[in-house]
Every structure is written in structure tokens, then in C-alpha cells.
Amino acid sequence: MAPVDISTRHRNEQHRPDAPGATVAIEDAPSLIESNSSRANDAEASRGTDADASVYLEQMRSRVPEWARAAGPAPWLIDSTSAQLRSNDDVEALHRRMEAALALAIVCELDPDRPDVAVLRELVRVSLLRWQIELRSDGLPRSGALRRSPLHAVIASNVVLLLCETTGFQTTLLLRDIARHLRWLARRRPLTPWLESARICALADGAVLAGDHALRQQARAYLARLLKRQNDEGWFPECGGPDLALLSLTVDALARTHCQNEWPELEAPLERSLTFLSHFVRPDGRLGGCFNPSGVISMGMYGVEVLSGSSIDVRGLTLLARRGAGHTPQFDVSLCLAATCARDGLDALRVPVLTGSCHKRFGNAGWSVFATERYFAVVNTRTGGSVHVTWHNGTVDLDDPGVTVLFPHRMLTSGNGAGGCRVEEGEGSVTVSGFLRRAGCGRLRPSSQRLSHDRFRREITFGETSIRIRDEVHCRLPCQTIVCQSRLPSDEVSPNVPAWRVPIFVDGGRHVEVTRTYREGELASSDGREGCTPF
């Protein structure tokens with residue numbers, strides 16, 4: 001059965017950006033985001049309005065050498081002792097290989113006149129053969145590492161997407177193997193939301209390839225179970241809370257499933273997720289910061305592209321995704337998939353800009369957004385008041401994940417990520433208090449969820465032009481040093497590239513306080529003292 005071409009599903013007049021009533025303002029946050037149409041004379045705002053869909057193909061062409069290296073050597077050149085996957089590192093290598101194979105296949109499909117297209121197609125073929133080597137005749141992975149790893153769902157999804165997007169690699173043997181593997185995959189236990197969404201996408205698309213109606217029904221049953229896990233605010237729980245990067249990947253998979261199958265139960269959940277994402281897009285078109293568990297600053301692009309005609313929120317995110325296309329990770333399949341549904345070029349869209357003062361709190365997530373004419377800030381109260389700030393001058397980002405307290409034989413941190421903090425939030429301030437947690441030696445992330453008897457209190461005050469952070473630490477025993485983990489660009493790095501700067505120190509004791517004020521990305525004042533880092 002021929003694969004479904006999703007690139008034609010959304011090409012109708014009502015999805016065009018120039019259709020009557022098309023705007024880019026986000027309905028749920030009118031005070032936070034507005035259209036550039038009201039700022040037509042603003043040259044600074046209008047410079048990004050020409051970011052059409054061609055940006056994806058340009059980025060793909062520049063990344064072909066990376067993907068070609070990731071595809072690796074032919075299977076017969078691999079040492080026979082490593083023919084079966086043995087560890088999680090090997091599983092990750094197979095994941096990267098199949099992701100690169102998918103990217104190269106789509107590049108060949110969109111750019112067939114490339115002089116090296118024959119070489120790239122051969123790399124894709126041998127990568128598919130390498131994946132087949134890892135399967136038994138019944139579709140079960142030969143390797144115990146692959147069977148235990150949750151990445152098996154993403155690997156299978158990459159293979160299925162490759163076969164659906166580019167028909168030139170389909171063979172009877174390959175389709176038989178993928179059908180058997182998907183039947184095994186359908187019997188696996190529930191996964192985390194973004195992995196579960198990848199499995200649902202693989203099963204739904206694989207049902208078309210295999211002509212297996214039972215796989216499609218199983219995918220829909222898993223979808224109903226996944227949607228019950230979505231929070232009312234629009235996010236899915238990843239490690240106990242939201243994660244913007246993983247949420248964007250979940251949206252990518254569910255968006256494809258929606259476009260391929262048109263299941264109506266997906267419309268409202270996708271709209272909630274995209275509305276949630278829209279509140280955390282930074283002025284430079286990226287996501288994330290220290291408040292986000294994974295810290296990733298790029299967003300998946302496929303979901304917002306393929307749904308760009310269905311929602312006001314999505315059209316705004318679409319242009320921001322295109323503006324951030326140059327900041328994507330080394331391997332970004334969504335970059336390639338987005339190009340398959342953006343061939344028409346939605347270039348009539350205008351870039352939304354952050355403007356005005358706004359305070360938006362997501363109580364279930366524990367995240368708060370503060371925006372003024374000068375900066376955009378997000379606070380995560382679940383992680384001890386970690387805060388990320390992006391100034392609108394486009395040169396500075398500030399990451400402050402909390403405080404670290406050093407003792408002779410241990411290290412405690414406020415960025416515990418486990419919740420349980422007391423939160424007091426006013427109109428322009430957030431106060432978080434709780435217990436410090438133990439961190440491993442030489443690293444700032446906690447290695448134990450066990451609470452200590454030492455307490456902290458962080459008060460963040462948001463002014464029109466400045467941000468003041470006041471930290472208090474109360475310890476049973478005198479501490480040696482308190483370190484404020486602020487991260488700002490140094491003089492040696494380019495704008496918008498965070499780098500570790502000398503942190504702020506104060507001498508130790510049982511009760512320690514330190515206050516600092518940031519204005520336009522600069523440390524305006526501090527009652528601590530600066531010195532060399534002890535790490």
C-alpha cells in the first residue's frame with residue numbers, strides 16, 4: 001500500500017495564512033504577544049518577517065555531512081564481535097544512525113538533483129540493513145540492550161517515517177520485518193509520554209505500510225490512554241513535571257498521527273499543548289533554560305508546521321520555529337519532516353513579538369512567566385526558584401538555577417527538582433523556600449532526593465527594567481561558601497551563547513544572605529564578592 005502523503009493534507013485555501021481572518025496574535029495571552037502588523041514602521045521587528053519555509057531546506061543541505069558521518073560504515077565492515085548491541089551506548093548509536101538515515105532520505109527526496117544523491121541513497125540502504133541485522137525473524141530485537149531500552153520506540157518510528165516519506169526504499173523483506181517488529185512493539189509496557197507518542201506514530205503509520213488494521217486499532221487505544229495523562233494546562237508529565245523539549249517532540253508525533261488518521265480526539269489536546277508552548281517562546285525564537293528540566297533550547301518544528309493552518313497560536317509558533325532553525329541540535333529529524341509539509345511556503349505570516357507587561361502563572365506546572373518591555377523571564381518554583389531571563393536587546397541570557405552551599409565534606413543545592421517547596425507569589429515577585437538537598441561531589445545537580453535539615457529562601461523581584469534576586473541560607477553547621485550559580489555571556493563568546501562566568505561568593509557561616517540586581521543583562525549591584533570558582 002502506498003504511504004499517505006501528509007504534505008497535501010493541509011494544502012487547502014482555509015489553511016492558507018492569507019485566508020480571511022488569519023492573524024498571528026495568541027488568543028490566551030493578548031498582553032504578551034502581538035502581531036507585527038501594528039508595528040509596521042518598526043524596522044527592528046520587520047527584519048525577521050521573511051523567514052519562509054526555505055530555511056529548512058537550507059539548513060538540511062548544510063547538515064548533510066553530519067548526517068552522512070552518523071550513518072556510518074556499511075554493515076559488512078563492522079567487527080563481527082559487535083554485530084549485536086551490547087550496551088546503552090550502542091543503542092544510542094543505532095538511534096543516531098536511523099535518525100540520520102531518515103534525514104538523508106528526505107534530503108534525497110526534496111533535492112534529487114544533488115551530485116551526491118546516489119551516495120546518500122546507498123548510505124540510507126545500508127543503514128536500513130544495519131537495523132534489520134538487529135532483528136530476529138519474529139521481529140524481536142536480538143539484543144537485550146535494545147529490548148530494554150525505551151529508544152526502541154523512537155528507532156522504529158524513524159524507520160517507519162523513512163519508508164512512508166520515501167517509497168524508493170521499500171522492499172518486501174523490509175516491510176515484513178517492520179510489520180513483525182511493530183507487533184512486538186505493540187505488546188510493550190507503557191512508556192513516558194514522548195516515547196509513547198513515538199510508538200503511537202510508528203504503529204499508526206506502520207499499519208498503513210503493513211496493511212494491518214489491528215495495529216491501527218492498538219495505536220488508537222494507546223492514544224486514548226496517553227491523552228488521559230495530559231494535564232489541563234496542556235503539558236504531559238515527564239519525570240514528574242513538564243519539559244518543553246520533550247513536549248515539542250510529543251506534539252510532533254501526535255501532529256503526524258492526527259494528519260495521517262484525522263482522529264478527532266487529538267484536536268483539543270494538541271491545541272492545549274501548543275498554547276502552553278507558546279507562553280515560553282523566548283524573543284530569539286527558542287525554548288528552554290535552567291527552569292526546563294532538560295535545558296534544551298530548540299523546539300520540534302514538524303508539529304507547528306503541519307498544524308499551521310488550524311490555530312492562531314500555531315501560526316505564531318511556526319515562524320518562531322523557522323527563526324530558530326539555525327539553533328537546532330546536531331540531529332533534528334523534525335527539521336527534515338517540517339520541510340515535507342512546508343513546500344508551499346507559508347511566507348505571508350508575520351513574526352509575533354513579545355511586548356508589554358504580563359504575568360502568567362501555571363500552577364500545576366509550577367512555572368511563572370514575567371514579561372516587560374525590557375525582558376522575558378520564567379521561574380520554576382519546583383526547582384527552588386530557578387529563573388531564566390532573556391533581555392530584548394538580543395545580547396544577553398541569564399540562567400540562575402539556584403544556590404549551592406559548600407561544606408568540608410558535602411555539597412547542598414536548592415535546585416532539587418523534586419517539588420515540596422513553599423511558594424508565595426505576588427504581582428511582581430516570587431518567593432520560594434524549602435530544604436536543601438545533597439548534591440554529588442563536583443556537580444551541581446542533586447544525586448539524592450533525601451532532604452537535609454538546612455533551609456533556603458529565595459526572593460525574586462521583577463521590576464520594569466531590573467531583576468533582584470535575594471538568597472538566604474540557614475545551616476545547622478557553619479558552611480564554607482555559598483555560590484550563586486548565575487550564568488551570563490562572557491566577553492569571549494558571541495551574543496546569546498551562554499558561558500560560565502565567575503559566580504558570586506560570600507563567606508560562610510550558619511546564616512548567609514546575598515542579594516544581587518541585574519539590569520539589561522549586567523550585574524548592576526551585589527552585596528557578595530566575586531572571586532575564583534572553587535570547582
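Heads up: numbering here begins at 1 and tracks the sequence. Small disclaimer: the values here were computed from a predicted structure and weren't measured.
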Is it the case that the side chain of [X] and the backbone of [Y] share a donor-acceptor pair, with hydrogens and angles ignored and the cut-off at 3.5 Å?
X	Y	answer
E233	N364	yes
T383	N380	yes
E109	T166	no

Run the salt-bridge test on E196 and R225 with the 4.0 Å N-O cut-off and return the result as yes or no.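 Looking at R225 together with E196, the answer is yes, because their closest N to O distance falls below 4.0 Å.
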
So does R272 pair up with D232, basic N to acidic O under 4.0 Å?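 Salt bridge between R272 and D232, a charged N being under 4.0 Å from a carboxylate O: no.
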
Determine, stepwise, if the pair W194 / F236 fulfils ring-ring contact (aromatic ring centres under 6.0 Å, His included). CA-CA 8 Å; W194 80 274; F236 291 88; over 10 Å; no

When you check the side-chain N and O atoms of [X] and [Y], is any donor under 3.5 Å from an acceptor?
X	Y	value
R216	N261	yes
S273	Q230	yes
E99	N158	no

Taking every non-hydrogen atom, the tightest pair across [X] and [Y]:
X	Y	answer
H181	W131	CD2-CZ2, 3.9 Å
L191	A153	CD1-CB, 3.8 Å
L203	A219	CB-CB, 3.7 Å

Quick one, F376 with H388, criterion ring-ring contact (aromatic ring centres under 6.0 Å, His included). Give me CA distance, side-chain angles, the key distance, then yes/no. CA-CA 8 Å; F376 173 79; H388 175 89; 8.1 Å; no

[atom1] of [X] to [atom2] of [Y]: how many Å apart, nearest 0.5 Å?
X	Y	atom1	atom2	result
R176	L135	CZ	CG	10.5 Å
R61	L110	CZ	CG	9.0 Å
I178	D205	CD1	CG	10.5 Å

Fit a plane to each ring of W235 and F276, take the angle between them on a 0 to 90° scale, and name the class: parallel (under 30°), tilted (30 to 60°) or perpendicular (over 60°).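 It falls in the tilted class, 30° to 60°.
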
